[in-house]
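Each ligand, and each atom within it, is numbered from 1 in the order the structure gives.
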Amino acid sequence: MYDVFSLPAIDFPEGFLWGSATAGHQVEGDNIHSQLWAREHEAEGREPSGKACNHYALYRQDVDLIAELGHQAYRASVEWSRIEPVEGDWNAEAVEHYVDLVRRLKERGVQPVITLRHMTHPEWFEQLGAFGKAENLRYFERFVDYIVPKLSPYVDAWLVINEFNMAWTDPHAGPLKLNMLKAHARGYHVIKQHSQAPVSTAHAYIHWFPYRRHDDLDNRMTAYLDFVTHEFFFHAIRTGEFVFPYMDAVCDPEIKGTLDFWAVNYYTRHMVDARKKAFEGERFGHKQLKMISKDYWFEEMFPEGLIANLERLKDLPVIITENGLSANDDRWRIVYLALHLSALKEAIDRGVDVRGYLHWSLMDNYEWGSFLPRFGLVNCDFATFERTPKPSAYFFRDIIRENRMTPAMIRKHLKELPTLGEPGIRAKD
Ligand code: BGC
């Protein structure tokens with residue numbers, strides 16, 4: 001099932017946009033004013049982000065690397081907590097840093113795709129109750145209004161928020177989700193005042209899958225999770241109506257139509273087991289891929305989920321804003337890329353207007369509490385911060401150069417299919 005050598009050649013539509021993605025907190029380092037910084041140090045069993053990839057200092061060389069690897073677009077996030085470390089106190093140095101980042105990308109022919117909030121916000125905002133209180137949205141709106149005009153001469157696409165759809169699946173999470181949705185919508189309208197570039201919000205497209213196909217409750221919980229993570233969002237964007245369990249529906253015309261394209265982050269499927277308190281089911285053992293020493297949610301490839309999910313999004317153009325794999329053995333990344341690009345092509349052939357693909361991630365980085373999961377096309381040595389492109393980076397570069405993927409390219413970069421049976425395959429963690 002992972003036999004990528006038998007895949008046929010595929011061509012992508014003309015003008016298809018290729019690139020990679022990162023997020024500030026995961027690569028920059030020393031993000032000391034964010035709400036996560038102190039908590040990372042306190043929480044047991046979690047590694048703090050520390051210097052991460054030291055990207056804040058090394059961004060100039062990273063821009064060169066991005067260009068050398070042929071990427072045509074680069075998704076990065078700006079850290080609100082650097083730009084406004086104290087409420088109302090703007091940090092000119094941080095602003096200049098991000099302006100220089102997007103300007104340099106542009107100069108090297110790479111289109112900047114900028115996320116305004118990727119999981120982090122300032123500690124002072126956290127203290128005020130963050131997005132939990134509707135009256136706090138004005139702070140986020142003010143931040144967007146402050147930073148967007150400074151970056152807009154160089155930015156080609158905006159993502160207001162990353163993946164708020166995924167969090168909070170309990171039935172009483174509605175008010176918080178509504179606040180996030182409003183934050184997105186307000187961000188959208190503010191950006192429109194300063195920029196012509198298309199705007200979206202990155203959607204975590206988890207493919208929920210019933211653990212037991214015949215079981216009524218597994219199926220109902222799968223549908224429930226799909227609703228509270230996906231459908232509530234699609235419905236709100238399409239109609240302006242926010243529907244969520246245990247809440248009166250809310251109609252807000254400001255929400256309707258606040259996406260210029262669907263921004264999709266897709267990784268794999270998640271099993272739904274209604275007999276478990278958290279509904280998180282085991283993966284099918286025969287398909288399990290234990291690719292790092294740590295227990296980790298990413299232990300299966302399920303490219304079919306990408307096709308099934310994209311078929312729901314035929315009403316707007318789509319950009320894949322994240323897709324990638326955590327593995328020590330980079331050959332698995334080549335397998336993953338080949339399978340998911342084939343699936344993407346199948347979705348395009350089924351009528352989904354996919355315009356681009358950004359791989360997660362440019363380089364190995366801080367994976368929210370641990371440096372063990374390795375998602376990078378480029379290896380990052382966390383002691384020296386040396387960057388070394390992996391074979392998958394050159395495979396991806398060939399695909400970008402030709403705007404197609406062929407069996408010869410796969411053969412060139414992958415000598416044989418990897419197997420977890422080989423000693424040492426989980427490598428030096
Ligand atoms: C997030 C990234 C994260 C990746 C891999 C996505 O949900 O946006 O920040 O690193 O998944 O877990």
Side-chain angles (χ1 to χ4, degrees), residues 19-29 31 34-37 39-40 46-50 52-53 55 73-81 113-121 157-169 180 184 200-208 225 229-230 233 262-270 280 283 289-292 294-302 305-306 309 319-328 332-333 336-337 340 357-380 382 392:
S20 61
T22 63
H25 192 75
Q26 296 177 266
V27 292
E28 288 179 352
N31 190 16
S34 93
Q35 94 281 19
L36 294 182
W37 184 261
R39 287 164 191 86
E40 283 165 10
R46 286 174 81 82
E47 271 183 278
S49 51
C53 307
H55 175 68
Y74 175 59
R75 175 182 171 206
S77 73
V78 291
E79 278 296 328
W80 179 9
S81 64
V113 176
I114 296 300
T115 314
L116 295 167
R117 188 209 179 248
H118 194 118
M119 319 290 203
T120 49
H121 51 245
W158 302 95
L159 300 170
V160 185
I161 302 177
N162 183 63
E163 295 192 345
F164 76 82
N165 64 294
M166 180 175 74
W168 316 297
T169 52
M180 297 300 295
H184 153 76
S200 189
T201 262
H203 188 87
Y205 220 141
I206 285 175
H207 187 82
W208 301 110
L225 288 166
T229 57
H230 303 321
F233 182 71
W262 296 111
V264 172
N265 297 352
Y266 177 80
Y267 287 88
T268 188
R269 73 174 153 186
H270 287 238
E280 191 66 40
R283 295 184 182 280
L289 295 165
K290 242 189 153 356
M291 290 174 287
I292 59 171
K294 181 181 160 37
D295 275 340
Y296 194 56
W297 60 268
F298 203 123
E299 296 189 343
E300 189 194 21
M301 296 187 201
F302 195 67
L306 184 59
N309 288 326
I319 294 182
I320 304 299
T321 41
E322 284 182 32
N323 174 244
L325 168 80
S326 151
N328 285 328
W332 287 113
R333 199 169 338 274
Y336 184 91
L337 257 168
H340 285 77
Y357 173 92
L358 308 181
H359 190 77
W360 185 273
S361 179
L362 171 67
M363 59 186 143
D364 295 337
N365 58 47
Y366 178 65
E367 178 60 18
W368 310 112
S370 173
F371 282 99
L372 289 185
R374 298 278 180 152
F375 278 94
L377 292 164
V378 173
N379 181 70
C380 177
F382 294 114
S392 58

Colleague: For ligand 1, which atoms have a heavy atom of E163 less than 4.0 angstrom away?
Modeller: 1 (C), 6 (C), 7 (O), 8 (O)
Colleague: Counting from 1, what ligand 1 atoms have a heavy atom of E367 closer than 4.0 Å?
Modeller: 3 (C), 5 (C), 10 (O), 12 (O)
Colleague: Could you tell me whether the side chain of H25 reaches within less than 4.5 Å of the side chain of S34, counting heavy atoms only?
Modeller: yes
Colleague: Check the angle between the aromatic planes of F375 and Y296 and answer parallel, tilted or perpendicular using the 30° and 60° thresholds.
Modeller: perpendicular
Colleague: Looking only at protein heavy atoms, which one is nearest to atom 4 (C) of ligand 1, and what is the separation?
Modeller: Y267 OH, 3.3 Å
Colleague: Which atoms of ligand 1 have any heavy atom of W368 under 4.0 Å away?
Modeller: 2 (C), 3 (C), 9 (O), 10 (O)
Colleague: Which bit of N365 gets closer than 4.0 Å to ligand 1, counting heavy atoms only: side chain, backbone, both or neither?
Modeller: neither
Colleague: Output the list of atoms in ligand 1 that are nearer than 4.0 Å to some heavy atom of Q26, sorted by atom number.
Modeller: 2 (C), 3 (C), 9 (O), 10 (O)
Colleague: Please lay out, stage by stage, how C53 and F382 fare under the test side-chain contact (heavy atoms from CB on, under 4.5 Å).
Modeller: CA-CA 6 Å; C53 307; F382 294 114; 4.0 Å; yes
Colleague: Which distance, rounded to the nearest 0.5 Å, do you find between the CD1 of I320 and the CG of L358?
Modeller: 9.0 Å
Colleague: Determine whether the side chain, the backbone, both or neither of M166 has a heavy atom under 4.0 Å from any heavy atom of ligand 1.
Modeller: neither
Colleague: With the side chain counted from C-beta on, respond yes when Y336 and T268 share a heavy-atom pair under 4.5 Å apart, and no when they do not.
Modeller: no
Colleague: So, are E299 and R283 salt-bridged, with charged N and O less than 4.0 Å apart?
Modeller: no
Colleague: Tell me the closest heavy-atom pair linking H359 and G324, and the distance in Å.
Modeller: CE1-CA, 3.6 Å
Colleague: For ligand 1, is Y296 a contact, meaning one of its heavy atoms is under 4.0 Å away?
Modeller: yes
Colleague: Does even one non-hydrogen atom of H118 get within less than 4.0 Å of ligand 1?
Modeller: yes
Colleague: On a heavy-atom basis, I'd like to know which of M119, H25, E322 is closest to atom 6 (C) of ligand 1.
Modeller: E322
